[in-house]
Amino acid sequence: MGFVRKGVVLVCLVLPGSGLAETTGLQAGQVRATYNAGVANLNLGTFDMTATLRRNDYALTASGEVSILAGLLYRAAGKTESNGARAGSGPEPQRYQFSFTDTKKTQTVQIGFDRGTVQSVERTPKKNPDRKAVPIPEGELRDVLDPLTAAFMSVQSNAPAGDLAVCNRTLRVFDGKQRFNLALSPKRTEKLGAGAPDGLPDTAAVCRVAYKPIGGYRKETYAVQFLQEADGIEAWLVPVEGTGLYVPYKVIVPTTWGDGALKLTGIEARPSTPRRASAR
């Protein structure tokens with residue numbers, strides 16, 4: 001399940017740590033989004049996300065299911081939650097939980113934070129430390145984001161749609177096991193074209209994404225080596241009206257089977273002020 005592992009690394013890697021976000025007046029409200037995951041012409045499943053935004057804090061919930069050949073070959077389901085505070089420099093996660101079940105096992109990871117610094121990690125079932133993994137250097141668990149916060153809360157900007165300045169950032173992410181950076185840089189602008197959900201602008205800022213593992217991984221792991229060398233990882237970012245947030249419209253990850261993609265298929269935004277609300 002090579003694509004599944006790479007997708008997990010990037011779906012919640014996808015996007016954007018501490019000191020990265022532009023300081024803006026992010027409004028309270030709610031954003032609900034649905035994504036479709038696939039590789040080549042194969043549909044793998046769906047991913048639903050809800051973000052509740054308040055003046056001083058936020059809460060994120062997401063769930064999804066992946067299956068191959070209607071579950072005959074492989075099936076997995078996951079649920080993840082994150083909440084934290086909103087500071088001037090960007091989001092500061094406080095608690096993150098990820099639960100994952102496939103045909104062989106069920107796992108849960110919980111991370112406790114204090115102002116972006118990891119305080120605790122609990123895994124169920126418990127596992128002994130991986131002696132073959134690259135150690136996480138001292139200080140690398142400070143100023144980090146959990147994957148869900150990184151994906152949906154870090155790009156805060158009032159820049160117009162297609163402004164490539166939103167790509168100028170490096171993301172510091174910790175998923176409970178691996179600590180990695182994602183370096184985003186401007187690549188191009190793209191029209192969304194026919195079939196894009198209503199309520200979105202017609203232009204996306206396309207960011208090049210470079211993956212750099214820091215610790216908690218095995219050097220010989222194929223997925224880690226593949227992602228380090230991949231040159232075609234892209235994140236298409238679009239603003240959500242009335243929220244001050246940029247969210248992923250599409251994430252593309254090259255795989256040995258063809259390009260894997262996570263694509264937005266539906267979105268609804270409810271800002272705190274009733275002046276303008278996006279339509280589905």
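- Applying the salt bridge (Lys or Arg N to Asp or Glu O under 4.0 Å) test to pairs two or more places apart or on separate chains, those with a residue in residues 122-141 are D130-R218, E140-R172, E140-R179.
- Pairs passing the salt bridge (Lys or Arg N to Asp or Glu O under 4.0 Å) check and including a residue from residues 56-66, sequence neighbours excluded, read R54-D57, E65-R75.
- Classification of K79 and E81 as a salt-bridged pair holds, one side-chain N sitting under 4.0 Å from a carboxylate O.
- Closest approach of V109 and G176 over heavy atoms only: CG1-CA, 4.0 Å.
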Report the C-alpha distance between L227 and V253 in whole Å, list the side-chain angles of each, state the deciding distance to 0.1 Å, and finish with yes or no for side-chain contact (heavy atoms from CB on, under 4.5 Å).
CA-CA 9 Å; L227 288 170; V253 185; 4.1 Å; yes
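- By the side chain to side chain donor-acceptor pair (under 3.5 Å) test, K187 is found to be paired with E234, residues two or more places apart in sequence or in another chain being considered.
- Residue-environment remark: CZ (R188) exceeds the threshold of 12 foreign heavy atoms within 6.0 Å.
- The aromatic rings of F226 and Y222 sit tilted, their planes meeting at an angle between 30° and 60°.
- Inter-residue side-chain proximity for T34 and F47 is flagged as unmet; no heavy-atom pair is nearer than 4.5 Å.
- The side chain to side chain donor-acceptor pair (under 3.5 Å) search around T106 returns T101, not counting sequence neighbours.
- With sequence neighbours excluded, the residues forming a side-chain contact (heavy atoms from CB on, under 4.5 Å) with K104 are D102, listed by chain and number.
- Using a 4.5 Å heavy-atom cutoff, the side chains of R169 and L182 are not in contact.
- Using modelled atom types, one finds a donor on one side chain and an acceptor on the other under 3.5 Å when comparing Y58 with T149.
- Considering only residues two or more places apart in sequence or on other chains, D114 meets the side chain to side chain donor-acceptor pair (under 3.5 Å) condition with none of them.
- Among pairs with a residue in residues 202-212, those fulfilling salt bridge (Lys or Arg N to Asp or Glu O under 4.0 Å) read K191-D202, at least two apart in sequence or across chains.
- Side-chain contact between V134 and P213 is absent, with no heavy atoms from C-beta onward closer than 4.5 Å.
- Under the disulfide bond (SG atoms under 2.5 Å apart) criterion, the residue pairs touching residues 182-233 are C167-C207, with sequence neighbours excluded.
- The shortest heavy-atom contact between L148 and A62 is CD1-CB, 4.0 Å.
- To the nearest 0.5 Å, the span separating OG1 on T108 from CZ on F100 amounts to 11.0 Å.
- What you find for Y246 and P160 is that their closest heavy atoms are OH-O, 2.6 Å.
- Taking each heavy atom of L145 and P91 in turn, the nearest pair found is CD2-O, 3.6 Å.
- Without hydrogens or angle criteria, Y35 side chain to P248 main chain gives a donor-acceptor distance under 3.5 Å.
- Screening residues 110-153 for disulfide bond (SG atoms under 2.5 Å apart), with sequence neighbours left out, gives no hits.
- A 4.5 Å side-chain heavy-atom check between N181 and V173 finds every atom pair outside the cut-off.
- For the atom pair NZ of K250 and CD of E190, the computed distance is 7.5 Å after rounding to the nearest 0.5 Å.
- Donor-acceptor pairing under 3.5 Å is recorded for the side chains of S82 and D146.
- Put simply, the side chain of Q156 gets close to the backbone of M153: a donor and an acceptor are under 3.5 Å apart.
- When the side-chain contact (heavy atoms from CB on, under 4.5 Å) test is applied to R142, the partners found at least two apart in sequence or on another chain are T117.
- With sequence neighbours excluded, the residues that form a side-chain contact (heavy atoms from CB on, under 4.5 Å) with A183 are T170, A210.
- Between P254 and I233 the shortest side-chain heavy-atom distance falls below 4.5 Å.
- Atoms OG1 and CD, from T61 and Q97 in turn, are 12.0 Å apart once rounded to the nearest 0.5 Å.
- Looking only at atom types and distance, the side chain of N36 has no donor-acceptor partner in the side chain of T46 under 3.5 Å away.
- How far CG of L53 is from CG of L245: 5.5 Å, rounded to the nearest 0.5 Å.
- Using a 4.5 Å heavy-atom cutoff, the side chains of V31 and T50 are not in contact.
- When side chains are defined from C-beta on, F113 does not count as touching Q119, because their heavy atoms never get closer than 4.5 Å.
- Of the possible polar contacts, none joining the T221 side chain to the V224 backbone as a donor-acceptor pair under 3.5 Å is found.
- Follow the hydrophobic side-chain contacts under 4.5 Å out from L164 and you never reach I252; the two are in separate clusters.
- The side-chain contact (heavy atoms from CB on, under 4.5 Å) search around A204 returns L192, W236, V238, not counting sequence neighbours.
- In plain terms, the two heavy atoms of Y249 and A196 that are nearest each other are OH-CB, 3.8 Å.
- Under the 4.5 Å side-chain heavy-atom criterion for ILVMFWY residues, no single connected hydrophobic cluster contains both L184 and I214.
- For the atom pair R115 CZ and E92 CD, the distance stands at 7.0 Å (nearest 0.5 Å).
- Summarising the geometry of A33 relative to L264, their closest heavy-atom pair is CB-CD1, 3.7 Å, with the distance given to 0.1 Å.
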Stepwise side-chain contact (heavy atoms from CB on, under 4.5 Å) test for V39 and D259:
CA-CA 6 Å; V39 59; D259 283 349; over 6 Å; no
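- Considering CG of L237 and OG1 of T189, their distance stands at 12.5 Å, rounded to 0.5 Å.
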